[in-house]
Amino acid sequence: MFSFVCAENVELGNDVDIRPFVFISVSSLRLGRNTIVSFGTQVKGGKGFYTEDNCFIGAQTIIHCDEDVRFGFYAGVGPRCTIYTHGSFLPVTLGYPAVFAEVVLEDFVWTAMGVLFLPGSHVGQNCIINPGVVVSGRLPAGTRVQMSPEAVTRIEQTKLLKFARRSPAYYHQAMIRGFLTAEKVVWRESEDGAAFRWAEVWEFRSAPVTDTIELMNDGRCIASYDLKGFYVTESQDRLHRRFLAYIRRRFGLTLRTIYR
């Protein structure tokens, strides 16, 4: 009752139990036999969610699949757990980090309530994770983990950003190439990396000096992206909207619209 499941590829094993108020929207979904998805769970993202048989997802769990999430045989997470395969919000162009990596729970893993999995977490088989733990990196097989106080380290953010930041040209090319790859189009790129053209009429133009990108169609500017001032011109074009969503998710760039 009141549940929603949507994916390009769906495979549900025998006796899968999807309970009320569940929302699933991913590119590919496979739930093994006897898997239970409990009340109020949210699984969404552009990649896939895959479980083997006898898995359990506790009530009000949040799983974000910007990269794949995989559960092995008899793996489960308790209520209100959170699994993130991405970490990005602040603008990468200013040196802030963005991390994207899949999360894997191998066979016979049990996670109690309120556990957070960070991007790239990989839990080996036969592990138990007790409540409140933050899982990061690789957890060896046969491990039991429980929360313990940790020292708080202060980092001088200004120096870190200055060290991490790269040139506008680097970011422009990474954004455009990544987006066009995600859109599955074949493009031609100028030698200086300032123009990306596809389908004969579409083109991205990069201007690193002003830190702007333009989306063109048949010589007409569809939208102009000011990455220094965090502004974009108004457009209802679907490709433009997909590009905005892509750079916000992957590069932490939230741009304000200039209405005409």
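Numbers here are sequence positions counted from 1.
- Under the 4.5 Å side-chain contact rule for hydrophobic residues, F23 and I62 do not share a cluster.
- The minimum heavy-atom distance linking L215 with L239 is given by the pair CD1-CD2, 4.2 Å.
- Transitive grouping of hydrophobic side chains (ILVMFWY, heavy atoms separated by less than 4.5 Å) brings I63 and V5 into a common cluster.
- S27 places a side-chain N or O within 3.5 Å of a backbone atom of G46 that can act as its donor or acceptor partner.
- Contact record, S206 with G193: CB-O, 4.2 Å, taken as the closest heavy-atom pair.
- In this structure, the ring of F21 has its center less than 6.0 angstrom from the ring center of F2.
- Taking CD of E203 as the start and OG of S190 as the end, the distance is 8.0 Å to the nearest 0.5 Å.
- Considering only heavy atoms from C-beta on, N54 stays 4.5 Å or farther from T35 through its side chain.
- In this structure, H64 and T85 approach most closely via the heavy-atom pair O-OG1, 2.9 Å.
- Look at E67 and R250 and you find a salt bridge, because one of the NZ, NE, NH1 or NH2 atoms lies within 4.0 Å of a carboxylate O, short of that distance.
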Could you go step by step and tell me if F56 and Y74 meet the side-chain contact (heavy atoms from CB on, under 4.5 Å) rule?
CA-CA 8 Å; F56 179 82; Y74 228 116; over 6 Å; no
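- Between L94 and V92, every side-chain heavy-atom pair lies at or beyond the 4.5 Å cut-off.
- Note on Y246 and V232: same hydrophobic cluster, where clusters join Ile, Leu, Val, Met, Phe, Trp and Tyr whose side-chain heavy atoms are under 4.5 Å apart, directly or indirectly.
- Judged purely by atom type and a 3.5 angstrom limit, T82 has no side-chain atom pairing as donor or acceptor with the backbone of T61.
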Audit row: I24, K44, side-chain contact (heavy atoms from CB on, under 4.5 Å) steps and yes/no
CA-CA 6 Å; I24 301 176; K44 67 176 186 177; over 6 Å; no
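- The shortest heavy-atom contact between S38 and A59 is CB-N, 3.3 Å.
- For F49 and F71, the gap between ring centers is short of 6.0 Å.
- In summary, D211 and K228 do not engage in a salt bridge, as defined by a charged side-chain N under 4.0 Å from a carboxylate O.
- In R144, the CZ atom is not crowded: 12 or fewer heavy atoms of neighbouring residues, nucleotides or ligands sit closer than 6.0 Å.
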Might you work through the ring pair (Phe, Tyr, Trp, His ring centres under 6.0 Å) test for H240 and Y225, ending with a clear yes or no?
CA-CA 10 Å; H240 153 73; Y225 310 87; 5.6 Å; yes
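- Taken from CG in L116 to CG in L118, the straight-line distance is 4.5 Å, to the nearest 0.5 Å.
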Determine, step by step, whether V115 and I83 satisfy the side-chain contact (heavy atoms from CB on, under 4.5 Å) criterion, reporting the C-alpha distance in whole Å, the side-chain angles of both residues, the deciding distance to 0.1 Å, and the verdict.
CA-CA 8 Å; V115 171; I83 299 175; over 6 Å; no
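- In the hydrophobic clustering of ILVMFWY residues, with side-chain heavy atoms under 4.5 Å counting as a link, Y96 and Y171 come out together.
- No side-chain heavy atom of T143 sits under 4.5 Å from any side-chain heavy atom of V123.
- Interatomic distance, C65 SG to H86 NE2, rounded to the nearest 0.5 Å: 11.0 Å.
- Nearest heavy-atom pair across V99 and P119 is CG1-CB, 3.9 Å.
- Dense packing is recorded around CZ of R197, with more than 12 heavy atoms of other residues, nucleotides or ligands lying under 6.0 Å away.
- Proximity of the aromatic rings of H172 and Y170 is defined here by a centroid distance below 6.0 angstrom, and this criterion is not met.
- Atom CE of M216 has more than 12 heavy atoms from other residues, nucleotides or ligands within 6.0 Å.
- With hydrophobic clusters built from ILVMFWY side chains whose heavy atoms lie under 4.5 angstrom apart, I36 does not share a cluster with V22.
- A 4.5 Å side-chain heavy-atom check between D68 and V104 finds every atom pair outside the cut-off.
- Y231 carries R256 over the face of its six-membered ring, with the cationic atom under 6.0 Å from the centre and within 45° of the normal.
- Using a 4.5 Å cut-off on side-chain heavy atoms (C-beta onward), T111 and L105 make contact.
- When all heavy atoms are compared, the tightest approach of G72 to C55 is O-SG, 3.0 Å.
- Between L227 and L253 there is a side-chain heavy-atom pair separated by less than 4.5 Å.
- For the residue pair E106/H122, the side-chain donor-acceptor check at 3.5 Å is satisfied.
- Taken to the nearest 0.5 Å, the CD1 atom of I18 stands 15.0 Å off from the CE atom of M1.
- A salt bridge does not link E52 to R33: none of the charged nitrogens lies less than 4.0 Å from a carboxylate oxygen.
- Atom CZ of F73 sits in a crowded spot, with more than 12 heavy atoms from other residues, nucleotides or ligands closer than 6.0 Å.
- From D226, atom CG reaches atom CD1 of I258 across 7.0 Å, with rounding to the nearest 0.5 Å.
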Using atom types as modelled, flag every donor-acceptor pair under 3.5 Å from a side chain in residues 175-184 to any protein atom, sequence neighbours excluded.
from: R177; atom 1: NE; to: E189; atom 2: OE1; distance (Å): 3.3
from: R177; atom 1: NE; to: E189; atom 2: OE2; distance (Å): 3.3
from: R177; atom 1: NH2; to: Q173; atom 2: OE1; distance (Å): 3.4
from: R177; atom 1: NH2; to: E189; atom 2: OE2; distance (Å): 2.4
from: T181; atom 1: OG1; to: R177; atom 2: O; distance (Å): 2.8
from: E183; atom 1: OE1; to: R242; atom 2: NE; distance (Å): 3.2
from: E183; atom 1: OE1; to: R242; atom 2: NH2; distance (Å): 3.2
from: E183; atom 1: OE2; to: R242; atom 2: NE; distance (Å): 3.2

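- Side-chain atoms of D237 and S235 form no donor-acceptor pair, as typed in the model, at a separation below 3.5 Å.
- Counted within 6.0 Å of CZ on F89, heavy atoms from surrounding residues, nucleotides or ligands total 12 or fewer; the atom is thus considered open.
- Checked against a 6.0 Å centroid threshold, the rings of W202 and F196 do not count as neighbours.
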Would you sort out whether V135 and I129 count as a side-chain contact (heavy atoms from CB on, under 4.5 Å), showing the intermediate values?
CA-CA 9 Å; V135 180; I129 304 172; 3.9 Å; yes
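- Between V37 and D17 the shortest side-chain heavy-atom distance does not fall below 4.5 Å.
- When atom types are taken as modelled, the side chain of S88 and the backbone of R249 share a donor-acceptor pair closer than 3.5 angstrom.
- Atom-to-atom distance recorded for I222:CD1 and N217:CG is 5.0 Å, nearest 0.5 angstrom.
- Looking at L139 and V145, their side chains come closer than 4.5 Å, going by heavy atoms from C-beta outward.
- Atom CD of E8 has 12 or fewer heavy atoms from other residues, nucleotides or ligands within 6.0 Å.
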